[in-house]
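Taking it in order: structure first as structure tokens, then the write-up.
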Amino acid sequence: MKSVVGFFAHPDDETVLAGGLTAMLIQQNIPVHLVCATRGEGGETGPSVLMLRRETLGAAREAELRCAAMALGASVEVLNYIDPTIGQDEVLRAFEVSLDTLARQFAAILHERRADLVLTHGTDGEYGHPAHQLVHRAVIAAVKQYFPRALVYSVAARVPTIEDDLWNQNQIAHFALDIRPWAAQKIAAMECHASQHELFLRKSNQNTVSETLRVVESVRRMWPVSDDEPPQDAFANLLRLIGAWSPES
Ligand SMILES: [Zn+2]
């Protein structure tokens, strides 16, 4: 693999879902370019000193994303979609764009980067987030139409032996990787996302950011659709080489 692009919906998705994989690829001298569709400006604001006012949240989260990308060793760009504010109903929403427009925009980035591997959200949007689902669908549409030779792996595929509410329940992982060799980079990236720390700690019932580290990251190949279980390709070979396992086998 020569070039990897990761497409995500909000700042912190790249780190929480694929920070270890990204640091691992960088260590293998494979450049990773992170693309974030929104600035996450619709996310939680609150009373903590680290929670920001609505007007400044987007700029702050973009800066946190750039800090995290640097910690992982990746390049990064932010698209200008607006993350809708979570309302009183707590319903999560996607940003506004047609699937076709987003797919063409993603295709242009893949072309510019000469990407041969794409990492992105899963079909379930992990815990059902519509913005994550939209990014997934646009990536598949872009690759099918314009880059059929690229590999697409979705992240946070379910590892049956590990309980985690982030897993895409409908997708079993082709590969799971213990990312502890890259924990320092992933924790440094998590530390960058200061506006999200309160949320990280509350959701995990932990006391420190480093305690919230997920030490297993997982992927499922989504393109080309894999008949083999697990697939054989350049990324699969790299994952095997560095000790990834296939949960079903
Ligand atoms: Zn997200």
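Each ligand, and each atom within it, is numbered from 1 in the order the structure gives. Since the model is a prediction, treat every value here as computed from it, not as a measurement. The figures here come from the full heavy-atom set of this structure, side chains too, leaving out hydrogens, waters and symmetry mates.
Checked against the 6.0 Å centroid criterion, the rings of His121 and His129 do not qualify as a close aromatic pair. The six-membered or imidazole ring of Tyr153 lies away from that of His174, with a centre-to-centre distance of 6.0 Å or more.
The shortest non-hydrogen separation linking Ala150 to Pro224 is O-CD, 4.2 Å. Across every non-hydrogen atom of Leu34 and Glu14, the tightest pair is CD1-CG, 3.8 Å. Residues Val135 and Phe95 approach most closely at CG2-CZ, 3.9 Å, considering heavy atoms.
Each protein N, O or S atom less than 2.8 Å from the Zn ion (ligand 1) was counted, giving 4.
Sorted pairs that involve residues 134-161 and meet salt bridge (charged side-chain N to carboxylate O under 4.0 Å, His left out), not counting sequence neighbours, are lacking altogether.
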